[in-house]
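Below: one structure, written as C-alpha cells.
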Amino acid sequence: LNGIQITATGGNNLIRTCLVAGNLGHGIVIGGDASGVTVEDTAAGTNSAISEALPNGGSGIVITGTAHGNAIGGYQPSVETNVHMSGNLRYGIEVRGNAYDNQIFNTVVGGGFFPESQLPNGLGGIFVGQGTSGTEIGGTGPLTANRVVFNNGPGITLGKATRTLVLGNEIAHNVGDGLWINGGLDNLIGFPGSGNAVLANQGSGIRVTGDTRDTRILSNRIAGSGSNGLTLTAAENLHVGETPLDEIIERLGIIWYGDRSLANEIITSAGYGLLASGDCSGTRVIGNTIRENGIGNVDLAAATGITYVP
C-alpha cells in the first residue's frame, strides 16, 4: 500500500527526483533499523508540477522503527529544488516509534512549487511522536530552513518527543497552532541566529501542554497569530527567553559569544501575547518582548507556579 518502503539494516540509499503520490498508504516509509537514507528533490502527495494535490492516503514520509541517521532534504541542482511533502491525507512528515537522530531540512511541507501555492496536509505539517529522540527540524547552518505552511492542523507537533531541535524554520499560515509541544523532554525551539518565524497561524503561535522538562523556547518571532502568541496550559518546567546555555552550546557544537538575544518577540496576536493557565510549576518566562497584542499582552490570572519577568 505504501509507495516506497525501506526497512533494511544499513542503508545509504538515495531517493532523488521521485514523484510519490496517489498511494493508499504512506508515500515513503523508512523503518526497521534503516540508516543513511537520503530523500532529496522529491515530492510526495502532489502532481509532477507540484501545483495540485495527488494525495497519499497516509503521510508523505514516515520514519519509524529504530531508523536513524536519515536525512529528508538536500541541495542537488534539479528541476525540483526542494523536497515537497504536501497534499497528503495525514501529515507531510511523521517521525514515530523509536526513530532517532534524523534530520529534516530544506523541505516544503504544505506548500507547492511557488511560494503562494497552498497544498495542505490533512492533519498537520510535521509530527514527531513519543519514543523518538534527536530529530532535527531545520538547523543552524545556511539553507537548512524548512517552510511548514498552509497545513490543516498544527504546523509542527511534538508529542512527548525527546531532544528535538526546531531551528530557523518558517512556520506560517497553518490552520491550527504554528507549533504544539505536548509534553516531552529537552526540546529546543529556536536559538540566537536560528530562531523560527512563527507567523499568521490561525491557532496559537506556540502552544505548550504538560510537563516539558528542560524544553527551551528561544529567539523566535511569533506574530499575527489568530489566537494567542504563546499559550501555556499546565505547562511545567519550560524555559521561555533568558536561560543558561551551557548544555545547549555543548550539544549543538557551536561557538556562542553571548552577543545575541535569547528573547522571543511575541506581537500582533488576536488574543493575548502570553496566556497561561493551570499548574505551570517550574516554568520561567523571562526577558521577552510581548507587545501590541489584541486582547492584552500577558494574562497569568489562571496559572500557578509560573515565574514571569518582563
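The first residue in the sequence is number 1, and the count goes up from there. As the structure is a computational prediction, the values presented were derived from the model and not from experiment. Excluded from the calculations below are hydrogen atoms, water molecules and symmetry mates; all remaining heavy atoms, backbone and side chain alike, are included.
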Do you know the tightest heavy-atom contact between A270 and G226? CB-O, 3.2 Å

Inter-residue atom distance S277.OG - L232.CG, 0.5 Å rounding: 8.0 Å

Report the distance from atom CD1 of I137 to atom CD1 of I156, rounding to the nearest 0.5 Å. 4.5 Å

Just by modelled atom types, is the Y91 backbone N or O under 3.5 Å from a matching donor or acceptor in the S59 side chain? yes

Given T233, N182, I181, the one that forms side-chain contact (heavy atoms from CB on, under 4.5 Å) with V208: I181

Heavy-atom closest pair (A161 atom, T132 atom, distance to 0.1 Å) is CB-OG1, 3.7 Å

Contact summary for I93 and T107, nearest pair of heavy atoms: CD1-CG2, 4.3 Å

With distance as the sole test, does H84 use its side chain to make a donor-acceptor pair with the main-chain N or O of V108 at under 3.5 Å? no

Is there a side-chain contact (heavy atoms from CB on, under 4.5 Å) between I72 and I63? Walk through the geometry before answering. CA-CA 10 Å; I72 312 303; I63 304 174; 4.1 Å; yes

Expected output: side-chain T268 to main-chain G224 donor-acceptor under 3.5 Å: yes

Is it the case that the side chain of N187 and the backbone of T212 share a donor-acceptor pair, with hydrogens and angles ignored and the cut-off at 3.5 Å? no

Between the side chain of N47 and the main-chain N/O of I50, is any donor-acceptor distance below 3.5 Å? yes

Main-chain N/O of N237 paired with T283 side-chain donor or acceptor, under 3.5 Å: yes

Side chain N146, main chain I104, donor-acceptor under 3.5 Å: yes

Closest heavy-atom pair, N201 versus H173, reported as atoms and distance to 0.1 Å, is OD1-N, 3.3 Å

Spacing of CG belonging to L167 relative to OG1 belonging to T144, to within rounding of 0.5 Å: 8.0 Å

Between the main-chain N or O of I222 and the side-chain N or O of N220, is there a donor-acceptor pair closer than 3.5 Å? no

Heavy-atom closest pair, residues M85 and I61: SD-CG1, 3.4 Å

Got a second to check how far L262's CG is from I286's CD1, nearest 0.5 Å? 11.0 Å

Applying side-chain contact (heavy atoms from CB on, under 4.5 Å), run through T164 and I189 and close with a yes or a no. CA-CA 8 Å; T164 308; I189 314 302; over 6 Å; no

From CD1 (I4) to OG1 (T42), nearest 0.5 Å: 7.0 Å

Can you see which heavy atom on P115 is nearest to which on F150, and at what distance? O-CE1, 3.8 Å

Going through the distances and angles, do N293 and Y272 end up as a side-chain contact (heavy atoms from CB on, under 4.5 Å)? CA-CA 6 Å; N293 295 285; Y272 289 95; 5.8 Å; no

Determine all donor-acceptor pairs shorter than 3.5 Å in which one atom belongs to a side chain in residues 300-310; sequence neighbours excluded.
none

Nearest 0.5 Å, please: how far is OG in S194 from CG in L218? 11.0 Å

With distance as the sole test, does N196 use its side chain to make a donor-acceptor pair with the main-chain N or O of N169 at under 3.5 Å? yes

Using atom types as modelled and distance alone, determine if a side-chain donor or acceptor of N88 lies under 3.5 Å from a backbone N or O of N121. no

Side chains of D33 and T66, donor plus acceptor under 3.5 Å: yes

I295 atom CD1, neighbour heavy-atom count above 12 within 6.0 Å: yes

Check the side chains of T209 and W180 for a donor-acceptor pair under 3.5 angstrom, ignoring hydrogens and angles. yes

